[in-house]
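What follows is a set of notes on a single structure, which appears directly below.
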Amino acid sequence: MHSRRRVGLFGGSFNPIHVGHIALAKALRRQGGLDEVWFLVTPQNPWKQQKDLLADEERLALVREAVKGEDGLVASDYEFHLPKPSYTLHTLRALRKDDPDTDFVLLIGGDNWAAFDHWYGYAEILRDYPIIVYPRDEHPVNPPLPEGLPVRGVQIVHTPLLPVSSTLIRERVRAGESIHGLVPACIEQRVIKDYFVGT
């Protein structure tokens, strides 16, 4: 009998994807015992309204190119086909219905974990889906965890923190500065072109 497939869901706007995202996904896949990590490109984040958000299909194309040849890393447009805004609970329910033989694991940063009790449907997520939490900047995910949230099914991992962000990359492109080494080499020129025009 085959063991069930475990897929980590790494959601974000990826505006644009960068080397920190790739390194983090690899570490989460290894430490979380995941068969795959899906880069779930978010068409609309309920918490953020970004004026400089690149078109959905463009961000997806950059992610697809960036993960090409990376074992176990997958670009996903799944949320493009769901009602907006893309609440995590709705995504998890839809995935479980569409693929009942896969265990989907939510991957979130310490910043989101610290505010998790404000998420839409957070109690159902905690009850029904495993979660892996990784450190983010000023949120190192040291216990204690947010008061009142159960830790059953929640795994804390310690992954590398790279000093790179999508915001930094957009700012450097606008200023005409180099982004070499901040994004995968295969998409560097495309990122420069996409984020320099009209920003």
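Computed from heavy atoms alone, side chains included, the values below leave out hydrogens, waters and symmetry copies. Just so it is clear, the structure is predicted and the values come from calculations on it, not from any experiment. In this chain, numbering begins with 1 at the start of the sequence shown.
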So do Leu107 and Val105 actually touch side chain to side chain, heavy atoms under 4.5 Å? yes
Worked verdict on Tyr134 versus Trp113 for ring-ring contact (aromatic ring centres under 6.0 Å, His included): CA-CA 9 Å; Tyr134 57 88; Trp113 178 242; over 10 Å; no
ring-ring contact (aromatic ring centres under 6.0 Å, His included) between Phe39 and His21: does it pass, once the steps are laid out? CA-CA 9 Å; Phe39 285 81; His21 292 135; 7.1 Å; no
Taking the side chain as C-beta and beyond, is there a heavy-atom pair between Asp98 and Tyr78 under 4.5 Å? yes
Got Trp119 and Asn112 here, is their nearest side-chain heavy-atom distance under 4.5 Å? yes
If every non-hydrogen atom of Thr42 is compared with every non-hydrogen atom of Gly11, which pair is closest and at what distance? OG1-C, 4.2 Å
Side-chain heavy-atom pair Leu9, Leu95 within 4.5 angstrom cut-off: yes
Short side-chain donor-acceptor distance under 3.5 Å, Asp52 and Tyr195: no
Got a list of side-chain donor-acceptor pairs under 3.5 Å for residues 178-192, not counting sequence neighbours?
| unit_1 | atom_1 | unit_2 | atom_2 | d |
| --- | --- | --- | --- | --- |
| Ser178 | OG | His180 | N | 3.0 |
| His180 | ND1 | Glu188 | OE1 | 3.0 |

Say you draw a straight line from CG of Asn15 to CG of Leu53; how long is it, rounded to the nearest 0.5 Å? 4.5 Å
Going from CG on Asp77 to CH2 on Trp38, what distance comes out if it is rounded to the nearest 0.5 angstrom? 10.5 Å
Can you name the salt bridge (charged side-chain N to carboxylate O under 4.0 Å, His left out) partners of Glu177, sequence neighbours left out? Arg172
Less than 4.0 angstrom from a charged side-chain N to a carboxylate O is my criterion; do Asp194 and Arg59 meet it? no
Begin with the C-alpha distance, continue with both residues' side-chain angles, and end with the deciding distance and a verdict on side chain to side chain contact (heavy atoms under 4.5 Å, CB included) for Arg4 and Thr102. CA-CA 6 Å; Arg4 290 171 63 85; Thr102 295; 5.7 Å; no
Would Asp35 and Arg5 pass as an ion pair if we require N to O under 4.0 Å? no
Using side chain to side chain contact (heavy atoms under 4.5 Å, CB included), reason through Ile125 and Tyr120 one step at a time and then give a plain yes or no. CA-CA 9 Å; Ile125 297 172; Tyr120 174 80; over 6 Å; no
Heavy-atom nearest pair, Ala94 first then Leu82, reads CB-CD2, 3.9 Å
Quick check for you: to the nearest 0.5 Å, what is the distance between Leu54 atom CG and Arg170 atom CZ? 10.0 Å
Any side-chain heavy-atom pair from Leu126 and Val154 closer than 4.5 angstrom? yes
If I compare all heavy atoms of Leu89 with all of Gly121, which pair ends up nearest, and what's the gap? CD2-CA, 3.8 Å
Say whether, by atom type as modelled, one donor and one acceptor occur between the side chain of Ser166 and the main chain of Pro16 under 3.5 angstrom. yes
Nearest heavy atoms of Gly20 and His18, plus distance in Å: N-ND1, 3.0 Å
Are any of the side-chain heavy atoms of Phe104 and Arg6 separated by less than 4.5 Å? no
Go through the steps to decide whether Val41 and Ser13 satisfy the test side chain to side chain contact (heavy atoms under 4.5 Å, CB included), and finish with yes or no. CA-CA 6 Å; Val41 181; Ser13 54; over 6 Å; no
Given Thr91 and Leu40, is the side chain to side chain contact (heavy atoms under 4.5 Å, CB included) satisfied, shown in steps? CA-CA 10 Å; Thr91 301; Leu40 216 54; 3.8 Å; yes
Non-hydrogen side-chain atoms of Leu60 and Phe14 separated by less than 4.5 Å: no
Considering non-hydrogen atoms only, spot the tightest contact between Thr159 and Ala27 and give its length. CG2-CB, 3.8 Å
Pair up each side-chain donor or acceptor in residues 66-74 with any protein partner under 3.5 Å, not counting sequence neighbours, and list the distances.
| unit_1 | atom_1 | unit_2 | atom_2 | d |
| --- | --- | --- | --- | --- |
| Lys68 | NZ | Glu65 | OE1 | 3.2 |
| Glu70 | OE1 | Lys26 | NZ | 3.1 |

Donor-acceptor check, side chain of Gln155 to backbone of Gln31, threshold 3.5 angstrom: yes or no? yes
Side-chain touch Leu92/Thr88, heavy atoms, less than 4.5 angstrom: yes
Given the ring of Tyr129, does Arg96 sit roughly above its face, with NZ or CZ under 6.0 Å from the centre of the six-membered ring and within 45° of the axis? yes
Salt bridge check: are Glu124 and Arg93 linked by an N-O gap of less than 4.0 Å? yes
